[in-house]
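Residue numbering restarts at 1 for every chain, and letters A, B, ... go by the order of the sequence lines. Because the structure is predicted, anything quoted here is derived from the model rather than measured.
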Amino acid sequence: MATAGGGSVADPGSRSLLRLLSFCALLAGLCEGNSVERKIYIPLNKTAPCVRLLNATHQIGCQSSISGDTGVIHVVEKKEDLQWVLTDGPNPPYVVLLEGTLFTRDVMEKLKGRSGRIAGLAVSLAKPSPASGFSPSVQCPNDGFGIYSDSYGSQFAHCKAFQWNKVGDGLAYEDFSFPIFLLEDENETNVIKQLDSRSFFWNVAPGAESAVASFITQLAAAEALQKAPDVATLPRNVMFVFFQGETFDYIGSSRMVYDMEKGSFPVQLENIDSFVELGQVALRNSLELWMHTDPMSQKNETVLNQVEALLSTLEQSSAAVPTVVLRRLNQSQPLPPSSLQRFLRARNVSGVVLADHSDSFHNLYYQSIYDTAKSINVTYPAGQSPEEDLNFVTDTAKALAGVATVLARTLYQLAGGASFRDTIQADPHTVTRLLYGFLVRANNSWFQSILRPDLRSYLGDGPLQHYIAVSSPTNATYVVQYALANLTGKVLDLTREQCQNPSQVPTENKDLYEYTWVQGPLNANETDRLPRCVRSTARLARALSPAFELEQWGSTEYSTWTESRWKDIRARIFLIASKELEFITLIVGFGILVFSLIVTYCINAKADVLFITPREPGSVSY
Amino acid sequence: MTLCAVKSQLASGETARPGQAFFWLVSLLFSSLIWFTTATLIGNKDEPREKYLLIFGVLISVLIQEMFRFAYYKLLKKASEGLKIINPYEKAPSMRLLAYVSGLGFGIMSGVFSFVNTLSDSLGPGTVGIHGDPPQFFLNSAFMTLVITLLHVFWGIVFFDGCEKKKWYTLLVVLLSHLLVSALTLISPHYGLNLVLAYVIMVLMGVWAFFVSGGSCRSLKLCLLCQDKDFLLFNQRAR
């Protein structure tokens, strides 16, 4: 930004001075903390963008122009308002501010069709959540990457029998050429589903019903099983696995199966006796929990018998749990989208998926921004402090604890135990604390006590997000790992140095166990923490799709999902000057320039006349 | 001959301009140092304190600018006396011309600094107004910059003349009017009032500077009525 800093460049001294001046002027222009900028722009802070995701065959999501998009804001509160944006408005392009209830497929199709007139879209969160449901996911999730294909179980492939996600409109898998933002008025985001979920918007993935409730139940079951007295001596091992990335064509489970086939996982496929998976379990109708099995693998007699044994074990375990009623399904129904499908692709294991739905999902907000604590009835009475909320046992927590009890007892029996089965009980307090931490407020005393000191900042004041993201592990992964370690591990009496170097201690084995130095609970005065060493067998394994390791970029066998790169994604609002004002400013400036040139020339020409210098006496010649 | 003399005066005057501009920069540096140390000494950041700090900063800045103007005058005086000793036959640059260019240097630098920030923001897609400020913000800023630049020119002329003729009240008037114009900018919402008052002061200063530089009502009338040719005959310059 060059400005005039002095007239002539008669000599080098003034030239360098001029350079200095111009440089200072530039610096002044680049000063931050600019109050003029604050007068012009209002930055939108609480926004979540929709980003570009790509896989082997498609690109989905949204994209802006390289230097951003600008448009006139137009609020669309009802369908009729769209006409202005699409055809009538005289000043395209427009940035549409869309009411959350109008964020549906047909509106988006219309906007997509006229994308020349649309510079961008901002969606406001609908409060309350749309009653009829909202799911931008497809109706048949993870189709093509499960067991059913045109060559195997074709009558079940592509959800021919019925659609699992009836409410799904597939918006999240569409390709938009303009940027879309979510305006979050309040910090309500829920993310859940297996470990991970997604929504239309980047890093907003609540997934309460889709994933969180399920893995919390599994954590509670792990804790309950751990407490059984003879658990260490059971003939078979129980391995609890939490898969990440299942939303994106089963990244986690496909990787584990691949590792098992290659032999780089400690357990081989043939060593899997049975597989019990928790699907969506928080929205049970009248206590019913459905047991889904795969009809195709049960065509084999052996597998059929194994599955039958598995189902009857489950039924026996639930007999003494009044809050859970297990139900079987008939053989003509396929498995819902689940990690078990990837294992069945590789080998006919006997497996069952427990879910709250018999056919289509009960979840009306599958993989959407509305799948929050409220959608699974996790609500707290008003006027309580966060600590009181943390320890308040909701009905949902009790229900999930019942499911966890059934699961734990089943696993105990499948592992070969018998004597203590009916004493195994999942703790509703654990479940409610996990629900609070994952769905309402991650920064609470319990979560803080189970994490390492350097991970303290991972806990925010809102719920955790469960979008898998490219950088790993995510915050949620760490929290689940440490929760599992805390619930199933043992507190040891080691110092910090010993905990970080357990090979120095003769009784400890670094290869068998994982040793972590965690923050621990607050002391009595609530000023400091009492850190301790926790020994557990909870480990992380990288969930990177085998397609990338094998460099099969066009693979249809493994997930090939990637994120596009971006720098800064932000939005701001401002006014633009009217054309009249701009014209006036230009004319005035130009006029003053011309006027000043004329005046200067005239004064300069007549300087002798105008300015009489004082003369020495005697020189007057009049 | 006359033309050559004017040309040499212009050449030396134009080196004076960046020099004075540099002096203005240094004065700004000093005043901002003082403001910064005061700000850190005071410490906390509550609203009225910030405002008083700003007012204090502006006052100090005006004082230091005028001090530097005086310092520059002294420097130029010493330089021209030195030149006279070295080369007594060369016509020394007229102090009036030096006053004009030094005022112009001061004014340009001050204008640039106050306006370039606003100018760079005006290049963006948005304009002022979303928080309720008047949309003519950029026009107002431009006019304010213009009036400040012109005022600095006139102040320079008047100031140097006052120093030459030892009329110290002149310096006081310059200082006070500078303070007044700066104080006006602090009551920012009323742009119209600011601008009108500043322009009034500028016109007054301009008239004073005109008379100080040797102009008179008569010469102005003659100039405007294009009777200057006759006038020149009456006012032959001594060789």
Review point. Hey, mind stepping through B:D161 and B:T170 against side-chain contact (heavy atoms from CB on, under 4.5 Å) and telling me if it holds?
Key: CA-CA 8 Å; B:D161 181 73; B:T170 321; 5.9 Å; no

Practice item. Answer yes or no: is there an ion pair linking B:K77 with B:E164, defined by an N-O contact shorter than 4.0 Å? Key: yes

Check your understanding: Does any donor atom in the side chain of A:N604 or A:T600 lie under 3.5 Å from an acceptor atom in the other side chain?
Key -> no

Revision key, fill the gap. Assert top hit (heavy-atom pairs under 4.5 Å, partner chain A, pool B:P125, B:G111, B:P135, B:S141) equals B:P125

Review point. Is the side chain of B:R96 donor-acceptor paired with the backbone N or O of B:S213 at a distance under 3.5 Å, no angle test?
Key: yes

**Study point:** Any donor-acceptor N/O pair, B:R69 side chain to B:F106 backbone, under 3.5 Å
**Key:** no

Exercise for review: Please state whether the side chain, the backbone, both or neither of B:D121 comes within less than 4.5 Å of a heavy atom of chain A.
Suggested key: both

Exercise for review: Using only heavy-atom distances, determine whether the side chains of B:H131 and A:R38 contain a donor-acceptor pair under 3.5 Å.
Suggested key: no

**Study point:** Which atoms of A:I576 approach chain B - backbone, side chain, both or neither, heavy atom under 4.5 Å
**Key:** both

Exercise for review: Using a cut-off of under 4.5 Å on heavy-atom pairs, state which of B:L146, B:L104, B:D133, B:T118 scores highest against chain A.
Suggested key: B:D133

Check your understanding: Using non-hydrogen atoms only, which part of B:F211 is less than 4.5 Å away from chain A: side chain, backbone, both, or neither?
Key -> neither

Practice item. Against chain A, label B:F115 side chain, backbone, both or neither, depending on which of its atoms sit under 4.5 Å from a heavy atom there. Key: neither

**Study point:** Proximal component of A:I573, with respect to chain B [non-hydrogen, under 4.5 Å]
**Key:** both

Review point. Side chain, backbone, both or neither: which part of B:L139 has an atom under 4.5 Å from a heavy atom of chain A?
Key: side chain

